[in-house]
2 protein chains.
Amino acid sequence: MPPSALDRTDRRILDTLQRDGRLPMTELAQQVGLSTSPVTERVRRLEREGVITGYHARIDPAKLGRPLLVFVELTLSSKSGELFEKLRNELMHEPRVLECHLVSGRFDYLIKMRLSAMSEYRELLAQLLQKIPVPAQSNSYVVMEEIKEGLTLPVDARAT
Amino acid sequence: MPPSALDRTDRRILDTLQRDGRLPMTELAQQVGLSTSPVTERVRRLEREGVITGYHARIDPAKLGRPLLVFVELTLSSKSGELFEKLRNELMHEPRVLECHLVSGRFDYLIKMRLSAMSEYRELLAQLLQKIPVPAQSNSYVVMEEIKEGLTLPVDARAT
DNA sequence: GCTGAAACTGAATAGTT
DNA sequence: AACTATTCAGTTTCAGC
């Protein structure tokens, strides 16, 4: 799982698979200009080394009954390690929380949730806060328009 | 592309493909308890109807040289439609901006960026702001710890 | 480390219940 | 709407360069 720096071919593979995760190895091979064997081997290596962490179908949230996207900024009044641990665990296991980050700055957690309606937002926030024994302050932002959302990283396919 | 409500089998398919987007149709079929033909047909239908919007390999940002995750809250001093349009376009085409949302509340845009270093953050923010002709206020939050990040939605596989 | 071919496994099509 | 059988495409493995 160590280094083995990414060369130009690796980068082209990553760039392509980011866009189409189901592309057959034969077609991927054509795109990067090699035959299938070395390309397959490279993909397996990138998986092994943890560069590629998975393949996922993406689903339209609205079509699954979750049209509401809300960001919550959360600040805890006490910052004991144990408390953070407890809340982290709660957030990790709540599937409606898509993202959660510990941030520096004015607040502690930045949380992103996908919900069916505002009523669900109230329920979920109450549920999360009631699990922690100290007061917390939260600011919420409802998304009016999703301009862009993705995990696709820029891959500059320059030489090794 | 219209409704055709998702039944229990559709939901199990979506749930499975969200977790493993490269799963062969034969194995997907086993998991949902059908033979491959109807499962393949259902997947094609879900793609056609826009429920499944794509398949993507996920890549470790740090391994691609982008260890820094920053959220930026942006407020424009003037809110003309034309100005929003211009900035939206800029953000849409900047690959280091992974997410961008128009939010209600104290600020206008919530932006998520993946960067190589703080120097790149300064450059990018300056670049974005200089493209718009009015003053803007921004607050930035550097992520100290990524607790959770994904696009995986909860799929309750209850009956039709 | 890549190519190319042979053997195998999965996907697609069409016909059946 | 789903199953089965056939055909075809993609994957895997390996000999040779």
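All values reported here derive from a predicted model rather than from experimental measurement. Lettering follows sequence order; numbering is per chain, from 1.
Residues B:Leu151 make up the rest of the hydrophobic cluster containing A:Leu151, defined by ILVMFWY side-chain heavy atoms closer than 4.5 Å, directly or through other members.
Between the C1' atom of D:dG10 and the CD atom of B:Glu27 lies a distance of 15 Å, rounded to the nearest Å. Residue B:Arg22 contributes atom CZ, which lies 14 Å from atom C1' of C:dA11 at whole-angstrom precision. The CD-C1' distance, from B:Glu41 to D:dC3, rounds to 13 Å in whole Å. If you take CD of A:Gln30 and P of C:dG4, they are 13 Å apart, rounded to a whole angstrom. The CZ-P distance, from A:Arg45 to D:dT12, rounds to 16 Å in whole Å. Rounded to an integer number of Å, the gap from B:Met25 CE to D:dA2 P is 15 Å. Here the P atom of nucleotide C:dA11 and the CD atom of B:Glu47 are 13 Å apart, to the nearest Å. Computed from coordinates, the B:Ile13 CD1 to D:dA2 C1' distance equals 13 Å when rounded to whole Å.
An OP1 or OP2 oxygen of D:dA1 is reached within less than 4.0 angstrom by no side-chain nitrogen or oxygen of B:Arg42. Under 4.0 angstrom from either OP1 or OP2 of C:dA12 there lies at least one side-chain N or O belonging to B:Arg44.
Nucleic acid contact for B:Pro24: sugar-phosphate only, since backbone atoms but no base atoms lie under 4.0 Å from a heavy atom of the residue. Backbone-only contact: B:Thr26 has heavy atoms under 4.0 Å from sugar-phosphate atoms and none from a base.
For A:Pro38, counting side-chain heavy atoms from C-beta on, the closest listed nucleotide (C:dC2, C:dG4, D:dT11) is C:dC2. In this structure, the nucleotide among C:dT3, D:dC3, D:dT12 sitting nearest to the side chain of A:Leu34 is C:dT3. Of all nucleotides listed (D:dT11, D:dC3, C:dT3), C:dT3 comes nearest to the side chain of A:Ser35.
Ion pairing between B:Arg19 and B:Asp15 holds under the 4.0 Å rule for side-chain N and carboxylate O. Note on B:Glu85 versus B:Arg88: salt bridge recorded, some NZ/NE/NH1/NH2 to OD/OE distance being below 4.0 Å.
When each of A:Thr9 and B:Thr36 is assigned the nucleotide of DNA chain C with its nearest heavy atom, A:Thr9 is the one assigned upstream, toward the 5' end.
A:Ser104 pairs by the side-chain hydrogen bond (donor to acceptor under 3.5 Å, both in side chains) definition with nothing, not counting sequence neighbours.
Environment of CZ in A:Arg8: sparse, with no more than 12 heavy atoms of neighbouring residues, nucleotides or ligands closer than 6.0 Å.
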